[in-house]
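Written out below as structure tokens is the structure these notes cover.
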2 protein chains.
Amino acid sequence: MTQSHKGHDHVWADDLTRNQELVLGTLAHAHGPLSAYDILDRLRDDGLRAPLQIYRALDKLTERGLAHRLESLNAFVCCADAHCHQSGCIAFAICERCGKVEEFAEPAIESELKGWSKASGFVPSRMTVELRGLCAGCASQPA
Amino acid sequence: MTQSHKGHDHVWADDLTRNQELVLGTLAHAHGPLSAYDILDRLRDDGLRAPLQIYRALDKLTERGLAHRLESLNAFVCCADAHCHQSGCIAFAICERCGKVEEFAEPAIESELKGWSKASGFVPSRMTVELRGLCAGCASQPA
DNA sequence: CCCGATATGTTATTTAGTTACATCCGCGCG
DNA sequence: CGCGCGGATGTAACTAAATAACATATCGGG
Ligand SMILES: [Zn+2]
Ligand SMILES: [Zn+2]
Ligand SMILES: [Zn+2]
Ligand SMILES: [Zn+2]
């Protein structure tokens with residue numbers, strides 16, 4: 001029985017390894033961002049035991065843009081938009097009450113940052129834009 | 001002898017506590033960003049021993065805008081521009097070769113982000129913008 | 001002087017990420 | 001087939017980053 005790793009309802013890429021698929025599946029089914037150790041806890045039953053196994057998978061996934069790291073949270077999310085890597089600069093809005101994360105690409109922001117870089121001689125390789133605050137739902141909540 | 005804490009060449013604010021002044025002084029004299037533990041190591045001779053002492057001082061300093069936290073680095077820098085807190089959104093360009101950090105405020109970026117927030121109902125409380133790459137000096141270096 | 005607020009000091013613990021090293025598995029090649 | 005190589009895995013030990021819990025000290029106002 002060839003039995004590659006089944007059991008998932010969605011396929012993101014056909015060449016993910018077992019661990020990568022497990023990690024990405026966990027992120028995809030989560031309601032919000034997860035730390036590497038959160039992910040590990042959820043994958044103990046699948047045989048994963050060491051942080052490094054998670055970090056290795058996350059490295060590959062973030063390299064390929066299938067997952068993103070939230071720097072201000074030390075946590076990771078599944079990419080919400082399969083085409084986000086076409087835009088070099090992805091921004092995140094993180095709700096501090098419910099934990100929801102919205103991923104969005106504002107080309108204007110990217111060009112602003114590129115403009116500053118050009119003017120100052122800085123050569124950017126990676127851009128991090130993260131907003132903290134309250135999502136629309138939580139902001140309109142009573143208390 | 002009243003002897004508040006002297007020995008510094010510059011005064012940032014007159015009401016800093018001893019630990020806050022030590023930490024800010026360390027950041028100010030550093031050539032690049034420092035982690036909390038880096039700071040601790042440099043303040044052992046001044047009697048500081050526990051991470052918490054550093055983190056407490058850093059909390060106050062960042063609250064007041066005298067220091068900034070670089071989320072993508074888990075490190076801190078002294079504020080380069082005493083008036084930066086007038087702008088809600090401060091951006092950083094971090095050189096991955098020499099470690100130099102440039103702090104800049106692009107009002108256009110802030111208004112872009114505010115625009116997105118307004119349109120989507122998100123209520124931001126804090127914004128993080130960090131560029132990684134090569135500073136002008138390092139980018140023009142041979143290898 | 002007493003009290004509350006703020007700052008400090010100390011120890012232990014939790015959370016995050018890395019280093020080092022052994023093993024395993026698929027694949028091309030002689 | 002047998003070998004060698006690169007990528008993925010597994011495991012243990014460790015460093016780094018941040019916090020929890022608790023005890024003291026310091027200062028200013030009533
Ligand atoms: Zn994405
Ligand atoms: Zn929310
Ligand atoms: Zn500043
Ligand atoms: Zn540089």
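These values consider heavy atoms only, across backbone and side chains, with no hydrogens, waters or symmetry-generated copies.
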Looking at A:Lys114 and A:Glu112, does any basic side-chain N land under 4.0 Å from a carboxylate oxygen?
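Salt bridge: no.
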Of all nucleotides in DNA chain C that come within under 4.0 Å of a heavy atom of chain B, which is furthest toward the 5' end and which toward the 3' end?
C:dA7 to C:dT11
Should B:Asp59 and B:Arg64 be marked as a salt bridge (Lys or Arg N to Asp or Glu O under 4.0 Å) after you check the CA-CA gap, both sets of side-chain angles, and the distance that decides it?
CA-CA 9 Å; B:Asp59 280 348; B:Arg64 298 181 51 165; over 6 Å; no
Quickly work out the A:Leu43 CG to D:dT9 P distance and round it to whole Å.
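It works out to 13 Å between those atoms.
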Output the rounded distance in Å from CG (A:Leu16) to C1' (D:dG7).
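Between C1' of D:dG7 and CG of A:Leu16: 15 Å.
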My understanding is that only residues two or more places apart in sequence, or in another chain, count here; which of them pass ring-ring contact (aromatic ring centres under 6.0 Å, His included) with A:Phe76?
none
Would you please name every residue forming a ring-ring contact (aromatic ring centres under 6.0 Å, His included) with B:Phe122, sequence neighbours left out?
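In terms of ring-ring contact (aromatic ring centres under 6.0 Å, His included), with neighbours along the sequence ignored, B:Phe122 is linked to no residue.
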Side chain to side chain donor-acceptor pair (under 3.5 Å) against A:Asp45, all qualifying residues, sequence neighbours excluded
none
Mind checking who shares a hydrophobic cluster with A:Tyr37, ILVMFWY linked at side-chain heavy-atom distances under 4.5 Å?
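Once heavy-atom contacts under 4.5 Å are chained together, A:Tyr37 belongs with A:Tyr55.
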Under-4.0 Å side-chain N/O to phosphate OP1/OP2 contact, A:Lys60 with D:dG7
no
Heavy-atom protein contacts under 4.0 Å, nucleotides 15-28 of chain D, coded B base, S sugar-phosphate only, - none
--BBBBB-------
Can you give me the closest heavy-atom contact between A:Leu131 and B:Ser117, atom names plus distance?
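Closest approach of A:Leu131 to B:Ser117: CD1-OG, 3.6 Å.
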Side chain to side chain contact (heavy atoms under 4.5 Å, CB included), paired with A:Val129, selected from B:Ile109, B:Leu113, B:Thr128:
B:Leu113
